[in-house]
Amino acid sequence: MLDQLAAHLDTFAALAPLWGYAFIFAFMAVESSFVPFPSEIVMLPAGFLAARGELSLHAPVPDLVLAIVVGLLGSLAGAYFNYYLSRALGEPFLRKYGKWFFVKPEALDRAEEVFNKYGAVTTFICRLIPVIRQLISIPAGLSGMPLGKFTFFTGLGAGIWTAVLAGTGYALGRTAGDITYLELVHKGKALVDAHLVWMILGGVVLAVAYILVSKLVMRKSATPSA
């Protein structure tokens with residue numbers, strides 16, 4: 001699938017100065033919903049094009065920052081779609097008909113298991129993990145997770161992921177010389193995969209720090225004033 005999609009990147013790249021940010025938002029929204037669509041095919045080329053001044057602003061650093069922000073907004077849009085759809089349809093419907101929407105029962109079971117075991121913070125950490133990244137929004141919606149908390153954790157995880165991908169594409173755009181988009185996607189994906197463990201560990205550290213600080217704040221709030 002990755003190779004098939006990458007074969008069409010030349011067409012999208014030609015339209016990037018005018019429609020690049022619209023493409024980034026739309027495709028990242030699709031990637032963040034239940035449709036199996038690789039984010040590497042979007043954010044790696046976005047960073048690459050930014051580095052070469054081929055996005056709308058024709059200014060590498062501002063284009064990179066804007067690409068990350070737009071990618072994050074697209075990811076949130078797709079996550080909201082999953083969140084509200086799961087709340088509206090309910091678990092019985094998803095289990096019966098989810099396979100027609102690329103939501104396999106075993107994948108839903110795994111997402112629910114992780115969410116129920118580790119709680120709301122999984123919507124952050126799982127945004128860094130392939131396959132389960134999109135589906136973690138479903139148990140969050142089914143459980144009625146508060147929207148503000150869902151937005152915070154999802155946005156944090158999605159922001160890190162889009163920044164890593166775009167940053168990798170940007171670095172390759174600065175250093176790789178002549179390279180096809182297919183080579184870019186494969187090389188960038190290999191670089192990200194090689195450091196994925198460290199990204200997840202970093203996410204775990206941030207999650208633990210958040211939990212400890214939250215408990216400390218709640219403990220102080222619960223302490224009666226003299």
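- Distance CG/L18 to CG/L55: 11.5 Å, rounded to 0.5 Å.
- The two residues G159 and L72 come nearest to each other via the heavy atoms N-CD1, 3.7 Å.
- Applying the side chain to side chain donor-acceptor pair (under 3.5 Å) test to residues at least two apart or on different chains, the pairs with a partner in residues 73-89 are Y80-T151, Y83-R87.
- Remark: A79 engages S32, R127, S137, F150, T154 in a side chain to side chain contact (heavy atoms under 4.5 Å, CB included) (not counting sequence neighbours).
- With rounding to the nearest 0.5 angstrom, the CG atom of L64 is 11.5 Å from the CG atom of L49.
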Steps toward side chain to side chain contact (heavy atoms under 4.5 Å, CB included) verdict (L172, I179): CA-CA 9 Å; L172 290 173; I179 185 174; 5.6 Å; no
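- Judged as a side chain to side chain donor-acceptor pair (under 3.5 Å), the pairs with a partner in residues 54-72 (not counting sequence neighbours) are, in order, Y21-D63.
- V42 has its side chain out of reach of F23: every pair of non-hydrogen atoms, C-beta onward, lies at least 4.5 Å apart.
- For the pair W161 and S39, the tightest heavy-atom approach, listed with the atom from each and the gap, is NE1-OG, 2.8 Å.
- For the atom pair CG of L184 and NZ of K189, the computed distance is 13.0 Å after rounding to the nearest 0.5 Å.
- Across E40 and L44, no two heavy atoms sit closer than the pair O-CB, 3.2 Å.
- To the nearest 0.5 Å, atom CD1 of residue I68 and atom CD1 of residue I24 are 10.0 Å apart.
- Of the inter-residue distances, the one linking T123 atom OG1 with K149 atom NZ reads 9.0 Å to the nearest 0.5 angstrom.
- F48 and Y181 have their aromatic ring centers within a separation under 6.0 angstrom.
- The two residues A77 and F25 have their closest heavy-atom pair at CB-CZ, 3.9 Å.
- The CE atom of M28 lies 12.0 Å from the CD1 atom of I41; values are rounded to the nearest 0.5 Å.
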